[in-house]
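Working notes for the structure below.
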Amino acid sequence: MFIDEAEIMVKGGHGGAGKVAFFRNRKGASGGNGGPGGPNKRTGLNGKDLYLKMPVGTTIIDITTNQEITIDEKSPKYLLCKGGIGGLGNVAFKTSTNRTPKNAEPGREGQERKFKLILRLIANFGLIGLPNAGKSSLLNKLTAANVRTADYPFTTLEPNLGVYNGKIIADVPGLIEGASAGKGLGIKFLKHIEKVNLIFHCISVESQNIVRDYNTVVNELKSYNPQLPEKKSIILLTKIDLIDKVEVEKKVKELTKFNKNVLPISIYDDTSLNQLKKIIGV
Ligand SMILES: Nc1nc2c(ncn2[C@@H]2O[C@H](COP(=O)(O)OP(=O)(O)O)[C@@H](O)[C@H]2O)c(=O)[nH]1
Ligand SMILES: [Mg+2]
């Protein structure tokens, strides 16, 4: 299963107690600091650091403070929770009048924090569009991905990734009218296109109203994140093998009103696929 959100509780180690001990001759305190401290003023060992491995692209949000950081290649290591400070041993409590104090500190609790983890896939390109627009078929055609495709909606229930020429392409499923209100798969997967450099907005020639279908998807993007429709995008008019050239031209013309580049394409037409590969390959 594809998990892209999780909540975790992290707790730093306990500091460990300081030691109450005395030198053999009973001439003075010898308990070292935690944790836990040893005799002969030995300071206890520090606990081993615990590292949690997370994929690059994971955002870590402190649920209490809303403070957030995102793991990227440049800053791969963060301290989530500090371990507790060790307690002072009885040596620390020696005074000129009391050489043999019998008290030591217990050591402190480690820090405890709750985090929400959100994974946004790091993809260069994102395929979006209504169900059945041909997104998964294109991903399969361009890359070694082997995603199930079929002529009914919601064959793809999770985002899929493929690699072409070292570039990662994400197939983001399930956008329909009302997705932002939770219909269908909802818009939970849209976080995965927030970081792509270029969006391919797929519309099938089978659409009865390509302008309306285009707007439907853009509106859902907008409800999720008002900046998303501002992202660089290209319209892919898909499955052009199903209609004749004149009809394709007409539909391309209809789509030019959105001031986007429109690329007519079919998985059965290598010339059009090569044009798409050129865009991805650079
Ligand atoms: N004729 C034709 N059918 C296609 C083309 N691309 C996809 N399809 C078919 O359209 C249906 C939906 O495709 P799919 O990739 O699952 O769409 P998705 O829901 O957007 O991922 C499948 O039956 C595909 O075989 C194409 O270029 N030409
Ligand atoms: Mg699909």
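Ligands are counted one by one from 1 in listed order, and the atoms in each one are counted from 1 as well. Position 1 is the first residue of the sequence; numbering continues from there.
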**Prompt:** Backbone or side chain, does any N or O of P131 fall under 3.5 Å from an N or O of ligand 1?
**Reply:** no
**Fill in**
Heavy-atom proximity to atom 14 (P) of ligand 1 ranks first, among S266, P173, S137, for S137
**Request:** Mark yes when over 12 heavy atoms from residues, nucleotides or ligands other than K222 sit less than 6.0 Å from its NZ; otherwise mark no.
**Result:** no
**Message:** As a check for students: among I267, V205, I240, N132, identify the option with a heavy atom nearest to atom 19 (O) of ligand 1.
**Reply:** N132
**Request:** Indicate, with yes or no, if L273 and I234 share a hydrophobic cluster defined by side-chain heavy-atom contacts under 4.5 Å among Ile, Leu, Val, Met, Phe, Trp and Tyr.
**Result:** yes
**Message:** If the contact criterion is a heavy-atom separation under 4.0 Å, does G129 count as touching ligand 1?
**Reply:** no
**Message:** If you count every heavy atom of other residues, nucleotides or ligands that lies below 6.0 Å from R113 atom CZ, does the total exceed 12?
**Reply:** yes
**Message:** Can you confirm, on distance only, whether ligand 1 has an N/O atom lying under 3.5 Å from any N/O atom belonging to G134?
**Reply:** yes
**Asked** Does K82 offer a backbone N or O that forms a donor-acceptor pair with the side chain of Q111 under 3.5 Å?
**Response** yes
**Prompt:** Can any side-chain N or O of T70 pair as donor or acceptor with the backbone N or O of G57 at less than 3.5 Å?
**Reply:** no
**Message:** What I want to know is whether K239 and ligand 1 share at least one N or O pair that is separated by under 3.5 angstrom.
**Reply:** yes
**Asked** Is L242 in polar range of ligand 1, meaning some N or O pair under 3.5 Å apart?
**Response** no
**Request:** Would you check if I193 and I199 make a side-chain contact, meaning some heavy-atom pair closer than 4.5 Å?
**Result:** yes
**Request:** Please state whether the separation between the Mg ion (ligand 2) and some N/O/S atom of S136 is under 2.8 Å?
**Result:** yes
